[in-house]
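Following: one structure in structure tokens, then a few remarks.
Indexing begins at 1, ligand by ligand and atom by atom, following the structure's order. Along the sequence shown, the residues carry numbers beginning at 1. Side chains are part of it too, since the values below use all heavy atoms of this structure and drop only hydrogens, waters and symmetry mates.
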Amino acid sequence: MTTADGGQAKTESTAEEMRLVLDAMPVAVAHCDAEQRYVFANQVYASRFGLTPEQVVGRSVAEVLGEELCAQIHPYTERVLAGESVQYDADADYAALGRRHVHCSCTPVRDAAGRVTGWVATVTDITERHHTEQMLERYRLLAGNAHDIVLFVRRDGRIVEANTAALAAYGYEREELLRATVFDLRDPSSGPLTADQMAEADQRGVTFETIHRRKDGSRFPVEVSSRGTDVAGERLLLSIVRDISERRRAEEALRDADRRKDEFLATLAHELRNPLAPIRNAVQILRLKGEAHGDALFARDIIDRQVQQLARLVDDLLDVSRITRGTIDLRQERAEVTAVVEQALETSRPLLDAASHRLSVSLPAEPLWVMADVTRLAQVLSNLLNNAAKYTRAGGHIHLAVESDGSDAVIRVHDDGIGIPPQMLRRIFELFAQVDTSLERAQGGLGLGLTIAQRLVEMHGGTITAASDGPGTGSELTVRLPLLPMPRESAAADGDDRRTGEPNARAELRVLVVDDNNDSADSLATWLELAGHQVRTAYDGPQALAAAEEFQPRVILLDIGMPGMSGYDVARRLREQPATRDVLLLAMTGWGQDEDRRKSREAGFDEHLVKPLDPLLLKDLLARHAT
Ligand code: ADP
């Protein structure tokens with residue numbers, strides 16, 4: 001049986017044990033009476049205010065908590081004293097700890113009669129958890145409102161987290177997406193995503209473009225940036241997926257605009273060639289008649305030179321549109337570099353002479369063989385010589401040197417002209433690039449020549465570079481072409497002296513000229529008559545067929561682009577007729593691409609001549625057939 005004293009002692013020791021337990025807890029615990037005075041506070045509770053439990057007991061809540069916190073919790077203590085258990089979060093400014101975020105759980109204490117005599121509160125410091133929750137919420141909002149798709153993916157491809165944009169983009173419910181893998185999102189046309197690629201993304205991070213598929217099967221292009229990351233002890237891939245449909249559309253629109261620009265350039269160049277042909281023919285007529293003197297002679301030569309210059313610009317325009325469309329084909333053969341040099345010098349000589357430049361040429365003792373389209377390479381070299389002539393003051397020195405460095409044929413064109421600023425040395429090879437000063441602009445040009453030259457040299461497996469010590473110090477342009485290892489027997493020399501520009505007076509052929517441009521047809525006819533040929537003209541397809549039957553020409557010069565019946569149609573009909581089956585059929589056209597040449601060959605043409613016709617070429621052709 002327990003004595004009263006013994007019972008008292010036991011109760012005290014139980015209370016002491018309870019206090020020890022409560023002191024050892026990491027949670028703050030306090031007991032207040034109905035007058036809001038502390039009856040008990042554990043160690044943690046008191047220490048937050050920089051006090052001991054003994055200092056807290058007996059004081060009022062307002063004294064210990066301070067006015068601000070007291071006002072904050074007042075509504076809750078009212079409810080507790082009214083008999084309700086309440087839980088709430090509060091921001092407390094503790095004397096010992098500073099500002100903390102706490103969670104309070106308050107329960108009323110009742111006497112034997114059930115009256116509320118006070119309350120007990122446990123206060124847990126949840127500052128860290130609160131921060132984490134805040135941060136999580138911010139990141140959730142960030143990812144949720146991002147325009148890009150954000151996915152967390154396991155190494156096995158399973159999707160473990162996806163933002164709102166992902167759900168909207170793929171059309172899946174969240175649960176469906178979290179049951180899917182990244183392999184399901186990828187369209188089969190893009191090929192499978194391999195384990196190696198996943199590992200690469202994990203280790204180094206990857207960015208690639210591919211096609212993804214929505215739930216409804218529709219597809220959209222995406223750019224995926226994926227990298228491995230540790231998320232709370234788990235290794236995941238963080239993938240940012242961007243829908244690039246818009247970008248693709250913009251790129252396509254740009255390409256389309258670019259294509260149309262190229263087509264326009266090609267058409268423009270073609271249309272510009274048409275009026276050039278008759279002008280050039282007319283100049284030839286004037287030259288052959290030899291009647292011009294004084295001012296008329298001067299004027300004729302101006303027309304001649306300017307038409308040639310115009311023809312060069314138009315050629316550049318055509319070439320550049322072919323280059324940008326990738327439609328240039330080379331006719332490569334084993335060739336000796338000096339053959340290229342000779343042809344280029346022949347073309348550029350008039351420009352060099354006109355500016356009274358002194359030209360020196362040094363050639364290697366041994367022939368250098370390269371694989372080359374001689375005409376195209378000569379065009380490159382002639383462009384360099386023309387530039388040297390253009391960008392050097394009259395009476396300058398231009399040196400052309402050819403040598404071997406063992407593996408390459410090296411062709412240098414050196415001038416002592418205006419030079420090139422260092423920052424322009426690379427840029428001059430870009431489309432339309434020009435060193436823009438009045439001196440150079442006075443020389444005209446479209447800034448296309450070096451772009452064409454570079455492309456052509458690269459198509460030959462070579463390089464072209466520019467060097468200069470700057471303005472006023474001259475320039476050197478260097479072309480390198482891979483040498484062919486085996487020398488070949490020397491090529492047959494082209495010994496003819498044909499570059500006179502006059503028709504061959506000895507030949508006499510019956511020639512029919514067909515062109516819907518009357519000027520073009522008539523001027524060519526006159527030139528041919530002066531050359532001693534018998535000529536007829538026709539201005540459309542049916543006229544041409546009738547004239548061919550009646551006139552029985554040996555040669556027909558036939559324009560291709562004619563309204564109604566095209567040159568191709570006329571050619572096919574001519575080849576069908578026994579009387580004209582073997583006639584020499586020459587196509588005249590502004591279109592000189594390989595595709596055009598193929599078409600004219602298929603229609604039955606023997607040769608494809610590009611307008612404006614080169615009189616020398618025509619003279620040669622006719623001479624060869626004047627039998
Ligand atoms: P274009 O001569 O028609 O302007 P190019 O592509 O041939 O076009 O040359 C581009 C630019 O490079 C020229 O406008 C000129 O400024 C510069 N350039 C080319 N060759 C030389 C040179 N030998 N000396 C100085 N500048 C040159």
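Atoms of ligand 1 lying under 4.0 Å from any heavy atom of K390, numbered from 1 in the order shown and given with element: 1 (P), 2 (O), 3 (O). Ligand-side atoms of ligand 1 in range of L448: 6 (O), 8 (O), range being under 4.0 angstrom from any heavy atom. Near N383, meaning under 4.0 Å from one of its heavy atoms, ligand 1 places the atoms 7 (O).
Side chains of H399 and S362: a donor on one and an acceptor on the other come within 3.5 Å. Looking at R287 and Q284, their side chains never bring a donor and an acceptor atom within 3.5 Å of each other. Between the side chains of Y539 and D559, no donor-acceptor pair is found at a separation under 3.5 Å.
Here atom 24 (N) of ligand 1 lies nearest to S475 when heavy atoms of A388, A453, G419, S475 are compared. Of the listed residues (G447, S468, G449), the one carrying the non-hydrogen atom nearest atom 3 (O) of ligand 1 is G447. Considering only non-hydrogen atoms, atom 12 (O) of ligand 1 lies nearest to I428 out of I428, I420, D415.
Checking only distances, T451 never comes within under 3.5 Å of ligand 1, N or O to N or O. Residue contacts with ligand 1: V435 is placed with a nitrogen or oxygen under 3.5 Å of a nitrogen or oxygen of the ligand (distance criterion only).
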For this session: Would you sort out whether D319 and R376 count as a salt bridge (Lys or Arg N to Asp or Glu O under 4.0 Å), showing the intermediate values?
Result: CA-CA 11 Å; D319 275 350; R376 286 305 197 174; 3.1 Å; yes
For this session: Run the numbers on R312 and D315 for salt bridge (Lys or Arg N to Asp or Glu O under 4.0 Å), then give the verdict.
Result: CA-CA 5 Å; R312 261 200 299 275; D315 282 346; over 6 Å; no
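Atoms CG and CG, from L352 and N386 in turn, are 7.0 Å apart once rounded to the nearest 0.5 Å.
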